[in-house]
Each structure stands twice: as structure tokens, then as C-alpha cells.
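To find a chain, count down the sequence lines: A is the first, B the second, and so on, and within it residues start at 1.
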Amino acid sequence: AQTVTQSQPEMSVQEAETVTLSCTYDTSESDYYLFWYKQPPSRQMILVIRQEAYKQQNATENRFSVNFQKAAKSFSLKISDSQLGDAAMYFCAYLNSGGGADGLTFGKGTHLIIQP
Amino acid sequence: NAGVMQNPRHLVRRRGQEARLRCSPMKGHSHVYWYRQLPEEGLKFMVYLQKENIIDESGMPKERFSAEFPKEGPSILRIQQVVRGDSAAYFCASSPFDGGEQYFGPGTRLTVT
């Protein structure tokens, strides 16, 4: 079974600064997907960014980018120019590429606080 | 294009009652997943369904919980004889194909008194 670990229960960053959230995972598969989801106080789960394991290039979405280190099984999220609206719980998630069986495996989350 | 819809958003049940949670996937999506989120935890996979088929229910408790996704209508997660430990947020997600990106609904918060 796969596991996802987020070692930072809480992170705090000044508005406009850059912050990096850590995620490590464990799997015996060679092909899979990794995701970062954001959960604001509304509790809606919002997809932030997605990475295919077979792609060496790190995914980017505007101010959000990842550092994907396949050999180290590490998948960190970098948020540049932090904004107040970025304050939320952030969850790292893993999905086998062979299909949706097992669903997404989530980490326990990192609570991101943005200081004005 | 409407997103994933869940209802009710909040549900209060007394111990021993039944809870029915509904999920309508995004238009064109035929794959539905149910997850449970306990306080201060990440989401935990429960069950994966396609139309009229349960594909994987490895995350669902063996007793009192059942799920269906009929040919017509929403997917239903049913919890019989609820207990206090069932209090949680239940999320549904849908995707257009097996292994595709999952889009989440707003969740149903179940409180058992």
C-alpha cells in the first residue's frame, strides 16, 4: 500500500513571500500521479497542481510549482508571492496510474497561515 | 458546466438512524469516489464506483456502510445504524475516466448525536 507523509502540520509565511510545503511518499510502482489539493475554510477540495511520474519536468501553475524528486520520492509545493487567499490546508495526494482502484491516498495536510 | 454536487450539505442523525448521502457527478463523468475526512485528518478513500458497478470498496467498513451508483440518478452512500464515530465530512469526487483527475464536491458534514 502507498503512504503519503506531510511532516509540517503548520507553516506560516509573510504575504508576498515564498513558502515551500514538503511531501514524501512511498510506493513500489514506477508510474503514478501526484497532486496537491487546497482546502480553504469552506472545506471545498480544490486541485492546485498535478504531476505525472513519467515526466521529468516539474509542473507549474502560475504562482504554484512543484519540485518532484522521483528517486527520493519527494514532491514539494512552492508558492511564490503568497497571498491572503492562499491560506488553507494543503494536502498532498498519490494515485496509481493503473486505474482509480484504491482512490487517492492523502497525507494529513499542512495548515498554511499567511501573515499580512 | 455544474461541478460535483452533494446533498445534503449538513446532516444530523441520532444514534441508530440511517444516513443517506447523495452525489451527482460532473456532466460526462461516470466514475465516482467517496472519501471520509475525520477532524484534523486527510481524506481517506472509501469506495470507487462506475455506473451500476462497485469497482473497489476496500476502504469501506464491512458493516453498516453501502454504496451504489445506479444507471439513472446520483450515487448514494448509505450508513445504517449510525454511531458517534461516523461523524465526519464525507466527500464525493468524480472523474471522466479510470485514473483521471478527480473533482470534488463540497462535502456532506454528518453529525451523529
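With a 4.5 Å cut-off on non-hydrogen atoms, A93(B) does not touch chain A at all. Contact of Q6(A) with chain B is not made at all, since no heavy-atom distance falls under 4.5 Å. The contact between R50(A) and chain B is made entirely by side chain atoms (from C-beta outward), counting heavy-atom distances below 4.5 Å.
Y33(B) and Y48(B) have parallel rings, their planes meeting at less than 30° on a 0 to 90° scale where 60° marks the start of perpendicular. By the 30° and 60° cut-offs, the orientation of the rings of H29(B) relative to Y103(B) is tilted. Between F106(A) and Y37(A), the two ring planes are tilted [angle within 30° to 60°].
With respect to the salt-bridge test (charged N to carboxylate O, under 4.0 angstrom), the residues D86(A) and R63(A) qualify. Salt bridge status for R78(B) with E18(B): present, with a side-chain N to carboxylate O gap under 4.0 Å.
A distance-only check finds a donor-acceptor pair linking the side chain of Q6(B) to the backbone of G107(B) [under 3.5 Å].
For chain A, the option among E41(B), E101(B), H31(B) with the highest count of heavy-atom pairs below 4.5 Å is E101(B). Of the listed residues M46(B), K44(B), Q37(B), the one with more heavy-atom pairs under 4.5 angstrom with chain A than any other is Q37(B). In terms of non-hydrogen atom pairs under 4.5 Å with chain B, the most contact-rich of M45(A), Q39(A), R43(A) is R43(A). Among G42(B), G100(B), S95(B), the residue with the largest count of heavy-atom pairs under 4.5 Å with chain A is G42(B).
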